[in-house]
Q: 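Please see the structure below; I have some questions.
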Amino acid sequence: MLLNLLLAFILLMGRVRSDPDPLQDYCVSPPHSPHQHIFLNGDLCKDPTKVTVSDFTTSALSKPGNTRANPFMINVTLTTTTNLPGLNTMGLTMGRIDFGASGVVQPHVHPRASEVTVCLEGVLLVGFVDTSGRVFTQELHPGEVFVFPKGLIHFLYNIDTVSSALAVSGLTSQNPGTQFVSLVSFASELPIPQEVLKRLYHINDQEGCC
């Protein structure tokens, strides 16, 4: 019985994927409608006879983002099925990350994707923490690449206090999801009980919480 369960588990894990494989050449996402009442694991497919080359290209990542719009001095621009309809069902996302001086992408996780990042300008300090608590960090110079394993906490930091930096990332899901550790802990829509946060972060009543 135990052997049968083990074999079944191995077969099941062998079929687990970040995103399902497409069943056709492409499934271009049609324009989004506010009247859509059907929710899918992905997007609907456009009529293949109406697909054009423009569905497979975008200039969304060509423009610098505004790094002064937030206190972290970064801006992330992503490809989506809105600005790149041909991305639908491909299991991919690309992102442009603009860093101001000392800009930081705060510790976060992508629950549905691994990420590979290439530094294009400046010098970045990047890293992740594995499930045993080990921290892996590396300085990235232009042209150098770093991979962040799926579901692990990671960060990116522009170590230059004067100049900006630029990176591009690829993620292995059409919808990788992003959870920032600090926001999830202290600014979730339904807040985590203060007693739990005080216990987790060793905060006493004099220091205040949340």
Q: Enumerate the residue pairs fulfilling ring pair (Phe, Tyr, Trp, His ring centres under 6.0 Å) with a member in residues 54-75, sequence neighbours excluded, ordered by first and then second residue.
A: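 As it turns out, the ring pair (Phe, Tyr, Trp, His ring centres under 6.0 Å) pairs with a partner in residues 54-75, which skip direct neighbours, are Tyr26-Phe56.
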Q: Looking only at non-hydrogen atoms, find the nearest pair between Pro142 and Leu120 and report the distance.
A: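 Of all heavy-atom pairs spanning Pro142 and Leu120, the closest is CB-O, 3.6 Å.
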Q: Using modelled atom types and a 3.5 Å cut-off, is there a donor and acceptor pairing between side-chain atoms of Asn83 and backbone atoms of Leu78?
A: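 Here the side-chain-to-backbone pair exists.
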Q: Specify the closest pair of heavy atoms between Pro176 and Ala113, including all atoms of both residues, with the distance to one decimal.
A: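 So the minimum-distance heavy-atom pair works out to CB-CB, 3.5 Å.
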Q: Do Leu125 and Val76 sit in the same hydrophobic cluster, where Ile, Leu, Val, Met, Phe, Trp and Tyr count as joined when their side-chain heavy atoms come under 4.5 Å apart?
A: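 The answer is yes; both residues are in one hydrophobic cluster.
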Q: Please check if the side chain of Thr172 supplies one atom and the backbone of Ser114 the other of a donor-acceptor pair under 3.5 Å.
A: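 Yes; judged by distance alone, with no hydrogens or angles, the pair exists.
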Q: Rounded to the nearest 0.5 Å, how far apart are OG of Ser29 and CG of Asp43?
A: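 Reported to 0.5 Å precision, the distance equals 4.0 Å.
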Q: Would you name the heavy atoms of Phe148 and Thr117 that are closest together and state the gap between them?
A: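 In terms of heavy atoms, the two residues are closest at CE1-OG1, 3.4 Å.
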Q: Any salt bridge (charged side-chain N to carboxylate O under 4.0 Å, His left out) involving residues 90-106? Give me the pairs, sequence neighbours left out, ordered by first then second residue.
A: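 Pairs touching residues 90-106 that pass the test: Arg96-Asp98.
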Q: Evaluate Gln174 against Asn88 for side-chain contact (heavy atoms from CB on, under 4.5 Å), listing each step before the verdict.
A: CA-CA 7 Å; Gln174 176 180 324; Asn88 193 34; 3.0 Å; yes
Q: I want to check something: taking the side chain as every heavy atom from C-beta on, are Lys63 and Thr77 in contact at a cut-off of under 4.5 Å?
A: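 Sidechains of Thr77 and Lys63: no contact.
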Q: Look at the side-chain heavy atoms of Ile, Leu, Val, Met, Phe, Trp and Tyr, link any pair under 4.5 Å apart, and say whether Phe155 and Val123 land in one connected group.
A: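 Linked, Phe155 and Val123 end up in one cluster.
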Q: How many angstroms lie between atom SG of Cys27 and atom CG of Leu87, to the nearest 0.5 angstrom?
A: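 It comes to 11.0 Å.
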Q: With a 3.5 Å cut-off and sequence neighbours excluded, list the donor-acceptor pairs that the side chains of residues 158-168 form with protein atoms.
A:
residue : atom : partner : partner atom : Å
Asn158  : OD1  : Asp160  : N            : 3.1
Asn158  : ND2  : Gly100  : O            : 2.8
Asn158  : ND2  : Ser163  : O            : 2.9
Asp160  : OD1  : Val162  : N            : 2.7
Asp160  : OD1  : Ser163  : N            : 2.9

Q: Sub-3.5 Å donor-acceptor pair from the side chain of His108 to the main-chain atoms of Gln179, do we have one?
A: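 Not at all, since once roles are kept as given, no pair shorter than 3.5 Å links the two residues.
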Q: Between the side chain of Ser169 and the main-chain N/O of Glu115, is any donor-acceptor distance below 3.5 Å?
A: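 Side chain of Ser169 to backbone of Glu115: no pair is present.
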Q: Do Val105 and Leu124 belong together in a cluster built from hydrophobic side chains that touch within less than 4.5 Å?
A: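 Yes, Val105 connects to Leu124 through the hydrophobic network.
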Q: Taking all non-hydrogen atoms of both residues, which atom of Ser173 and which atom of Arg112 are closest, and how far apart?
A: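 Minimum heavy-atom separation between Ser173 and Arg112: CB-O, 3.4 Å.
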Q: Taking the side chain as every heavy atom from C-beta outward, state whether Met94 and Leu61 have any atom pair closer than 4.5 Å.
A: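 In contact.
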Q: Scan residues 128-143 for pairs that pass salt bridge (charged side-chain N to carboxylate O under 4.0 Å, His left out), counting only residues two or more places apart or in two chains.
A: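 Of all non-adjacent pairs touching residues 128-143, none passes salt bridge (charged side-chain N to carboxylate O under 4.0 Å, His left out).
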Q: Please state whether the rings of Phe146 and Phe128 are parallel, tilted or perpendicular, taking 30° and 60° as the class boundaries.
A: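 Tilted.
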Q: Please tell me whether Val116 and Val118 are part of a single hydrophobic cluster in this structure, the criterion being side-chain heavy atoms less than 4.5 Å apart.
A: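 Shared cluster, yes.
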Q: Just jot down the side chain to side chain donor-acceptor pair (under 3.5 Å) partners of Ser182, sequence neighbours excluded, or say none.
A: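 Listed in chain order: Gln106.
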Q: Listed by chain and number, what are the salt bridge (charged side-chain N to carboxylate O under 4.0 Å, His left out) partners of Asp55, not counting sequence neighbours?
A: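 Here the qualifying residues are Lys46.
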Q: Going by heavy atoms in the side chains, are Thr131 and Leu152 under 4.5 Å from each other?
A: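 Contact flag for Thr131/Leu152 side chains = yes.
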Q: Please check if Met73 and Leu156 belong to a single hydrophobic cluster, counting links between Ile, Leu, Val, Met, Phe, Trp and Tyr side chain heavy atoms closer than 4.5 Å.
A: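 Different hydrophobic clusters.
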Q: At their closest point, which heavy atom of Thr79 faces which heavy atom of Thr93, and how far apart are they?
A: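 For Thr79 and Thr93, the tightest heavy-atom pair comes out as O-CG2, 3.7 Å.
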Q: Closest approach of Ile74 and Val104, non-hydrogen atoms and distance?
A: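 Minimum heavy-atom separation between Ile74 and Val104: CG2-N, 3.4 Å.
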